[in-house]
Amino acid sequence: MAEPEKIPEPAPRRIFQERQRITALPLYFEGFLSIRRAQHQDFEQYWTELRGTTLFFYSNKKTPTYLEKLELTNLTSVVNVYPDEKCGAQFILMLRNEKVELKVEDYDSGEEWKGFILTVTQLSVPVCISLLPGQLIKLHDVLEKEKKRRTAVEESSSASLSTEETNNGDYVNILNTMPECFYAVSRQKAIEMLEKNPSWGNLILRPGSDSKNYSVTIRQVIDGPCIKHYRVMNMGKGYTIELARPVICPSLRDVIDYFVNQTQGSLKPFVTHTYDNKLAELSLEHAPRDMHPAIVSQPRAKPPRRPMPEKETAPLQQYPVARYVHETPGKEMKKRVKRQAADRQRANQPL
């Protein structure tokens, strides 16, 4: 009886190329890593790849599509945990909105993971990690690649704002087709904008890390402030929101509408406020005097200070030096009065 033919497994190079296409980020480090989030009690082991500043978790080495990912740009610190020696190396990633526990089988692997994570997030090779010379060389190589990648992303993001597209012979600025909540900012800048001005909205559309796609950053307050990011893939004739079940939208405006409608309006596009000058003047007239911005923020202007006049010094009298020094002011004044009286007397005498 003939044995059934085995389905050929995808080649490692093909898996790598597929993951590269999906993530659009360079691979820096990979290996098995156990992860436990706050809402879970047990660790779950994944084949993990560090691409850019993101950890991608796969069910095994040969799966081209990741199950979930963890963005590390908002990493604040890495805390070591020292459990029983049988548990291997364990450490905690302290993120701005959550903490995630990671575990590996041995101490050396844990040091290597921490070294790569800190290098790409802090853009510097950590000195507190005990690594071999060859491992340090790899970290310096990754550091240079990550710096070049970020520089290219910033340049492409700024260049996309000045490009124009041709449509039926007419030039149309690409910004005219963008939603009002689109800002050419980085992930960290988008987070700062949402945190500083929550009344302006809680959803920002921004360029993706690869400059070809886009990302949606939202901020919600449930049990506490929570920041989330969603990748929006540019498919040429439409856009795909990367969710558990991908959502296809014909335009970026429809992408924003999808988030707003699905949350029943709890998500609102972030739009900066601009005020008309006349309306601002009217509001100032009816405002209480102690709250008037012009009075509170601008102290009364002081009159310009006049320059101090220079002191005029009287010319020195033509007296001998010895007599001028030793005579007292009283004697000198008496003599000056006598001379002035004699001068007046001679002036009154007839010729």
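Quantities reported herein were computed from a predicted structural model and do not represent experimental measurements.
Of the residues K69, K61, R19, the one that meets the salt bridge (Lys or Arg N to Asp or Glu O under 4.0 Å) test with E49 is R19.
Under a 3.5 Å cut-off, the side chain of S109 and the backbone N or O of D106 do not form any donor-acceptor pair. For T121 (side chain) and I117 (main-chain N/O), a donor-acceptor pair under 3.5 Å exists by modelled atom type. At least one donor-acceptor pair under 3.5 Å links the side chain of R36 to the backbone N or O of Q41. When atom types are taken as modelled, the side chain of E71 and the backbone of T73 share a donor-acceptor pair closer than 3.5 angstrom. Side-chain atoms of N202 never come within 3.5 Å of backbone atoms of E195 as a donor-acceptor pair (strictly under, hydrogens ignored). For Q135 (side chain) and L132 (main-chain N/O), a donor-acceptor pair under 3.5 Å exists by modelled atom type. For N80 (side chain) and F91 (main-chain N/O), no donor-acceptor pair under 3.5 Å exists by modelled atom type. Checking side-chain atoms of Y183 against main-chain N and O of F270 turns up a donor-acceptor pair under 3.5 Å. Looking only at distances, no side-chain donor or acceptor of R206 sits under 3.5 Å from a matching main-chain atom of V185. Remark: the backbone N or O of N234 is paired with a side-chain donor or acceptor of N213 at under 3.5 angstrom.
Figure legend: cation-pi geometry between R37 and F43 absent, as NZ or CZ is not positioned both under 6.0 Å from the six-membered ring centre and within 45° of its axis.
In the hydrophobic clustering of this structure, L93 does not group with I191; members are Ile, Leu, Val, Met, Phe, Trp, Tyr whose side-chain heavy atoms approach within less than 4.5 Å, directly or through other members. Using a 4.5 Å cut-off between side-chain heavy atoms of Ile, Leu, Val, Met, Phe, Trp and Tyr, with links allowed through other members, I227 and I204 fall into different hydrophobic clusters. Taking hydrophobic clusters as Ile, Leu, Val, Met, Phe, Trp and Tyr residues chained together by side-chain heavy-atom distances below 4.5 Å, M233 does not share a cluster with V247.
Under 4.0 Å is where a charged nitrogen must lie from a carboxylate oxygen, and between R150 and E146 at least one such pair does. The pair D257-R253 does not meet the salt-bridge criterion, since no charged nitrogen lies less than 4.0 angstrom from a carboxylate oxygen.
In this structure, L55 CG and E68 CD are separated by 10.5 Å, a value rounded to the nearest 0.5 Å.
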Verdict with reasoning, L139 to I129, per side chain to side chain contact (heavy atoms under 4.5 Å, CB included): CA-CA 11 Å; L139 290 183; I129 304 297; over 6 Å; no

Worked check of side chain to side chain contact (heavy atoms under 4.5 Å, CB included) between L194 and T217: CA-CA 9 Å; L194 294 177; T217 299; 3.9 Å; yes

Side chain to side chain contact (heavy atoms under 4.5 Å, CB included) evaluation trace for Q220 with S266: CA-CA 8 Å; Q220 291 178 301; S266 63; 4.1 Å; yes

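Taking the six-membered ring for Trp, Y230 and F259 have ring centres closer than 6.0 Å.
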